[in-house]
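The structure under discussion appears below in the form of structure tokens.
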Amino acid sequence: MEMLKEHPAVDSCCEDDEDDCCPVCAAARGRASAARSHAPAGSCGCCADDDNDSCCAGEHSEGRSISIGSYSLPVKRLVVFAAALALWITGFLLMQFGPANGLLRFLPLVPLAASYALAGLPVLRHAVRNLRRGRALDENFLMSIATIGAFAIGEWEEAVGVMIFYMIGEMIQEMAVNRSRSSINALLALKPDTARVQTAAGWAETSAGGVSPGALVLVRPGERIPLDGTVIEGSGSVDASMLTGESRPVPVAPDAEVRSGTLSLDGVLVIRTTRTAEDSSAARIIALVESATEAKARPERFITSFARWYTPIVVGAAALLAILPPLIIPGAHFAEWLYRALILLVISCPCALVVSVPLGYFAGIGGMSRRGIMVKGAVHLDTLNKTRFVAFDKTGTLTQGNFSLVALEPAAGIDSGALLETAVLAEAESNHPIAKAIRDYGKDRTTASAIQDDSSITANSNTAYREIAGRGLELNYGGEVILAGNRGLLESHGILPLAGDGRNGEAGEAAYTVVYVARDGKYYGRILIGDTVKDGAVEAVKTLAELGIEKTLMFTGDARLTALETAGRLGIPSDRVAAELLPADKLAEVEKLTRTGTTVFVGDGINDAPVLARADVGIAMGSGADAAVEAADVIIMTSDPRRVSETIHRSRRTRRIVMENVAFALGAKGIFITLAVLGLANMWIALIADVGVALLAILNSTRALR
């Protein structure tokens, strides 16, 4: 399994202090370059020597690999393995059925030595290289000493068999890691290299990196959007699944915001760019993934330090096992105890722990990225696992963050359709956000004649429109006076509705912006305008409770009555709502929570950035402000609050898989080491203890992808 721990090809590629280690090595080390595209062959030296069978994940070997289902391996590696296996089988058969006497009894050594060279030479070379680097006591050293010793005591076929099956383990491991990396490497395709930009001579294709904000970019069906921007012409559907994890196409039209890396499915779009390529959504996501494994989680740090003292202890124990019993036990033979010591060395290889633990976190981060959840480091997965409190910002996180029509409350004898039609007429010329909310709601809910655009009302000789500052609108339409505004507007015209209209009372007045409507001197009712709860917000709060989160809270700068009304709709108790908070107040509230338990804060605004940075784990909605995204530890690429509970659930599952590997590997090693010391294990059992346990742990780690 050494390929993931120490790249065999070149010293400069994977030195501990280098940042350009190839992705396969990075997977086990938890390095930041896990998702980075490797440099072209020969440019980094990583695959420059003859050891191409261990080259990084086949990225330089394109066209020289073979696929096995969803897995792939370089052809050269498979050819070398097939040759080594055939030679080993030949030698094994000669050992069993060949001459037992004379010089011909050494005939099996020829194919067995050749097989050992093919399968074991990389391991021996790594052991020698690590000796020069001062890192001798690793699994390469253990395997080399054990197999050379087995040759020395005449266990030829067992020595070669260990290397053959070790090679099988390496190949299966490489395929598992490649599959774990596939979802992250797919992100590299999100960032188009070119963009079709409008110039004085027409549309010209140029480097996306040189396009400035404000430029016009043309995107045709089937092409990826190269830069973040706003659609100014065209409409269609966009596939944003690689960014958000949502498979449903997103409809776009003029004024819609689009992100780089998304795919235009069926429309020709003209987009005005708003960010440079370096600051685009795709570039930011790739940067996040590249740094995702920099911060090691506690089990990862434990395994790293564990391996440093574990291997010397094992080597010392094996030496004592080989030397002491023949000296102190009457009749004990040195060869027998040496064989037991060699078996102990093979069993004790720490591959299962060294590879499977970081691979488990790597797979967990990769699986979450496929769902549009970007985690900035494995350490945050561990912290999420201990979450006790989840605090949400309100506006833009649990609610839509813009005005929309919440309720129609017609007066007695007036139906809701007449109330809405009258309000749409009154608000047709206003640019106020409240007017826009009423028009948007009425667009598909009233008759066509009721929806008046600006020109139709202005052109009507029987229409007079007047906006009264601080009160509302007055419209003379066909001889009828229509009023839409606050209570004072209607009172000034002698139309006085009941206080609170007998419906929501003062709480309703305080929680919403209320538009009162009258027509031809008659009160028609009122319309409640507010910030609507997001789809899935209620379910998000409920699911967090089902996960065992002790408290789900809401922090907001809005008025208390507004906050309580929203919390009531979400199912958050009033004693878990803090309102009228300034950013410093939010920070203080989160600090109080963190002193009593692990706290997650979820927000999306600039004012949330300090709180996101201070919380044990800050989760930002990807549609939020740049400052929030930068400060957060986890970024959810959609605005769906249900992803918060999914994030916590997946972090727990990843942690559980990692701890399963630790317990399984240590337990299995302990059992097999005991058998080896008692003389109840041979080299084949040792092989199962090493390669078999490692493979099972690696395969278990890949479950975190799903």
Side-chain angles (χ1 to χ4, degrees), residues 187-244 246 249-290 372 374 395-396 400-403 431-433 436 440 454 603-609 620-632 635-639:
L187 292 172
L188 297 173
L190 292 179
K191 193 177 176 184
D193 296 325
T194 60
R196 197 176 292 105
V197 181
Q198 188 179 53
T199 65
W203 297 103
E205 197 163 288
T206 185
S207 170
V211 180
S212 302
L216 296 183
V217 173
L218 178 68
V219 179
R220 293 172 178 152
E223 295 179 346
R224 290 202 178 274
I225 296 172
L227 299 151
D228 293 359
T230 303
V231 177
I232 63 169
E233 290 182 25
S235 60
S237 299
V238 168
D239 178 4
S241 59
M242 284 302 296
L243 290 182
T244 65
E246 295 287 353
V250 179
V252 295
D255 295 330
E257 292 186 3
V258 290
R259 298 181 183 179
S260 63
T262 57
L263 184 70
S264 176
L265 296 176
D266 52 14
V268 177
L269 306 176
V270 177
I271 299 165
R272 188 178 301 281
T273 61
T274 55
R275 286 194 178 99
T276 63
E278 290 182 355
D279 295 329
S280 67
S281 296
R284 287 159 62 195
I285 290 172
I286 292 170
L288 284 175
V289 173
E290 286 179 343
M374 304 299 165
T395 307
Q400 297 289 354
N402 49 40
F403 281 119
N431 292 321
H432 196 282
K436 184 177 183 301
D440 288 346
D454 296 355
D604 74 325
I606 294 175
N607 62 334
D608 294 326
M621 298 297 181
S623 57
D626 289 350
V629 170
E630 290 297 326
I635 299 167
I636 297 174
M637 297 308 300
T638 69
S639 59

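Between Val217 and Pro226 there is a side-chain heavy-atom pair separated by less than 4.5 Å.
A pairwise comparison of heavy atoms in Ala215 and Val197 identifies CB-CG1, 4.2 Å as the closest pair. In terms of heavy atoms, Leu269 sits closest to Gly236 at CD2-N, 4.4 Å. In this structure, Ser264 and Arg220 approach most closely via the heavy-atom pair CB-O, 3.8 Å. Closest approach of Ala620 to Ala632, counting heavy atoms only: CB-CB, 3.5 Å.
Once rounded to the nearest 0.5 Å, the distance linking CD of Glu223 with CG of Leu263 reads 9.0 Å. Distance check, rounded to the nearest 0.5 Å: CD of Glu205 to CG of Leu218 gives 10.5 Å. To the nearest 0.5 Å, atom OG1 of residue Thr262 and atom CZ of residue Arg224 are 8.0 Å apart. We find the CG-CZ distance between Leu216 and Arg272 to be 4.5 Å, quoted to the nearest 0.5 Å. Annotation: the span from Thr274 atom OG1 to Arg259 atom CZ amounts to 11.0 Å, rounded to 0.5 Å. Rounded to the nearest 0.5 angstrom, Ser260 OG and Asp228 CG are separated by 4.5 Å.
Annotation for Gln198: atom CD counts as buried by contact number, over 12 foreign heavy atoms lying within 6.0 Å.
Put simply, the side chain of Thr273 gets close to the backbone of Ser212: a donor and an acceptor are under 3.5 Å apart.
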